[in-house]
Chemist: 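Structure below; questions to follow.
Numbering starts at 1 and runs along the sequence shown. Counting convention: from 1, in listed order, for ligands and their atoms alike.
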Amino acid sequence: MSKVRVRFAPSPTGPLHLGGVRTALYDYLFAKNQGGEFILRIEDTDTARYVEGAEEYIQEALEWCGIIPDESPKHGGNYGPYRQSERRDIYDRHLVGLLKTDFAYLAFDTPEELDEVRNEFEKNGEVFAYNYITRNRLKNSLTISKEEVQKLLNEGSPYVVRFKMPVDRTLVLEDIIRGTSSVNTNTLDDKVLVKNDGMPTYHFANVVDDHEMKITHVIRGEEWLPSLGLHYLLYEAMGWERPEFAHLSLILKPEGKGKLSKRDGDKFGFPVFPLNFKDPESGNVSKGYREEGYLPEAFINMVALLGWSPANDREVLTLEEMIAEFDLHKVHKAGARFNKEKAEWFNSEYLRAKSDEEVLELLKKAEGITLENSSDAQLLKIISLMKERATFVRDIYTEGIFFFEAPTQYEEKAVKKAWNEAAVEVMSEFSLKLQDSVFEPLTLKQDIHDFAESKGLGMGKVMMPLRLCLVGELKGPDVPDIMQILGKEETIARIKNAVNNIQ
Ligand code: GLU
């Protein structure tokens, strides 16, 4: 068998969404599992929908995810160019071949003429399609004489090239994920293959490129399933062997019916794009997973499991493990429901698995965080205490803010629960006692214990107000650990501050 070659073929019409990332990931996982190649091809023949910066965005997003193409516009390769807009001569060459067959014809109908026919159909409650019936009464190279066609061409009349859909053929279509289905060609229309500016449409360019680039497997979204019959026939018309196909189901909304949309992301507070994207027209910025603080490993692991179950229902897998396990036959036919909590769970799992030193590097790079006043040694201690409780790297800072700043306010509920006149007295006395403490977590625990005992109090009666003094509320890791990181001076200062300021 020839070497497996799989392509991801996005159109640069905007940022990649989660579905696009999943398609790219499955393309990549399958190719690598088979010891094959993964190719990025930019399908930019639709100039009207072209969005500035989208191609760069796609490349950067794939890089962030660790999905590195073997061939692409950026990396080059033996089958380039990898941008369709640069492959016009290749399409022109194959169009000559196609026009010699009985599978294509020239259509000279103007948009106005087509509108007129469409309106006529609508008046009768019917939907117009350019197909095996209507083509016979429209203005094309099937209905007008050769001389007339030549005359129109000489005059420079605009035309498109259409596919001549065979009449009443039943096509049997194979899909690796969905199995066999069939379609009758009478339900399909005569799609435009080349537009009047000479640019091929998606269908023609896509089939030509998959052939020219020796693509063996086409893995793409289910929105392309209705085009599969046409693609089969295009391969037949060109006399080419066709690749195998697999169509991926939708990623569904977190709740209710339908496809996951940006609106769902806005409503439930999660991004639907891998990276921030600034719309070049409106200037609006859509949120990305990277900027939200997701680790790329966690992000792709989450995306991979939207529609695929590895053996033994394993959930946490590295990219290498995913490559080893990936199997298109185990990709689900049904849509995969997106779950924000699950996405966060993946991130916390990956964060927990990192060493404190790795987290420190990430924390230093995180935005909006001031660490200047803390030494690396202190930060490492804070990380080891807070890592388990954090979902995102920045949580170590925001949830552990009391390590960096003394409380200026005390939570009302906590004050009610932990503070009274007796607590003021206990804390004042305890702060004096602390002057002699050696300030190690184990001895500190003993110190608190001994102090409580000497006062005839339960541990809680000392621990709770003490926590309130240090943290400002009744949360956080063990109090002796907090005290040890803050140091003796700061601990005593915070107790004094609380004694003077809590009402
Ligand atoms: N350019 C198409 C898209 O963006 C590619 C579909 C395919 O993979 O064939 O969806």
Chemist: Is any side-chain heavy atom of Pro310 less than 4.5 Å from a side-chain heavy atom of Leu305?
Modeler: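 Counting from C-beta outward, Pro310 and Leu305 do come under 4.5 Å.
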
Chemist: A side-chain contact here means heavy atoms from C-beta on lying under 4.5 Å apart; do Leu360 and Lys364 qualify?
Modeler: yes

Chemist: Are Tyr294 and Phe299 close enough that their ring centres sit under 6.0 Å apart?
Modeler: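 Aromatic pair excluded; centres sit 6.0 Å or further apart.
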
Chemist: Restricting to salt bridge (charged side-chain N to carboxylate O under 4.0 Å, His left out), what partner residues turn up for Glu174, sequence neighbours left out?
Modeler: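 Checked Glu174 against salt bridge (charged side-chain N to carboxylate O under 4.0 Å, His left out); zero matches.
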
Chemist: Check the orientation of His94 and Trp240. Use parallel for under 30°, tilted for 30 to 60°, and perpendicular for over 60°.
Modeler: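 If you compare the ring of His94 with that of Trp240, the planes turn out perpendicular.
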
Chemist: Given a heavy-atom cut-off of 4.0 Å, could you list the residues near ligand 1 in chain and number order?
Modeler: Arg7, Ala9, Pro10, Ser11, Glu43, Tyr202, Asn206, Arg220, Trp224

Chemist: One thing to verify: whether Lys151 and Glu155 come together as a salt bridge, which I'm taking to mean a side-chain N less than 4.0 angstrom from a carboxylate O.
Modeler: yes

